[in-house]
Amino acid sequence: CPKSGQSAPEGVRVDGFMPDHNHGMNYKAVVKPAGGGRYEAAGMMFHMPGKWDFIFEVRAGGKTDKLTHSINLQ
């Protein structure tokens, strides 16, 4: 969702990283607009179980906001 008074994001990126192993994914995700202010990421490959951090970057209004969310894949 755009911040109050701002237009839709200029760009959205997502990546995955395993902090316990100090490495990321083997492939770069491709993010495309899916309409209605939503985005779809394709090409994410979680090649091993464990803790993964999703790293989201949203560029809007000339600045980039970053959000990290952790999950545990079994």
Side-chain angles (χ1 to χ4, degrees):
C1 298
K3 291 182 179 179
S4 180
Q6 289 189 353
S7 60
E10 300 153 12
V12 176
R13 293 177 43 182
V14 64
D15 200 1
F17 183 75
M18 290 193 85
D20 295 340
H21 297 273
N22 198 33
H23 67 73
M25 293 187 300
N26 292 335
Y27 301 97
K28 184 177 179 179
V30 176
V31 180
K32 296 181 182 178
R38 297 173 14 169
Y39 292 81
E40 181 178 306
M44 298 184 80
M45 181 177 147
F46 301 98
H47 55 278
M48 61 188 297
K51 179 183 175 188
W52 282 89
D53 288 344
F54 285 107
I55 304 163
F56 300 93
E57 293 182 6
V58 180
R59 181 144 185 88
K63 65 182 249 186
T64 301
D65 288 320
K66 188 174 182 179
L67 169 77
T68 302
H69 179 77
S70 299
I71 62 167
N72 188 26
L73 291 178
Q74 303 270 327

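Numbers for residues simply follow the sequence, beginning at 1.
- For the atom pair CZ of Arg13 and NZ of Lys28, the computed distance is 5.5 Å after rounding to the nearest 0.5 Å.
- No chain of hydrophobic side-chain contacts below 4.5 Å, direct or via other Ile, Leu, Val, Met, Phe, Trp or Tyr residues, connects Val30 to Met45.
- Listed by chain and residue number, His21, His47 satisfy the ring pair (Phe, Tyr, Trp, His ring centres under 6.0 Å) test with His23 (two or more places apart in sequence, or in another chain).
- For the atom pair CG (Asp65) and CD (Glu57), the distance works out to 10.0 Å, reported to the nearest 0.5 Å.
- At least one donor-acceptor pair under 3.5 Å links the side chain of Glu10 to the backbone N or O of Gly61.
- To the nearest 0.5 Å, atoms CD1 (Ile55) and CE (Met25) are separated by 9.0 Å.
- Evaluation of the side-chain hydrogen bond (donor to acceptor under 3.5 Å, both in side chains) rule for Thr64 yields Arg59 as partners, not counting sequence neighbours.
- Put simply, Phe17 and Tyr27 are part of two different groups of oily side chains (I, L, V, M, F, W, Y) that touch within less than 4.5 Å, one to the next.
- Applying the ring pair (Phe, Tyr, Trp, His ring centres under 6.0 Å) criterion to Phe46, with sequence neighbours excluded, gives Trp52, Phe54.
- From Met44, atom CE reaches atom CG of Asp15 across 6.5 Å, with rounding to the nearest 0.5 Å.
- Scanning all heavy atoms of the two residues, the minimum distance from Pro9 to Ala60 falls at CA-CB, 3.9 Å.
- In terms of heavy-atom proximity, Val31 sits nearest to Val12 at CB-O, 3.4 Å.
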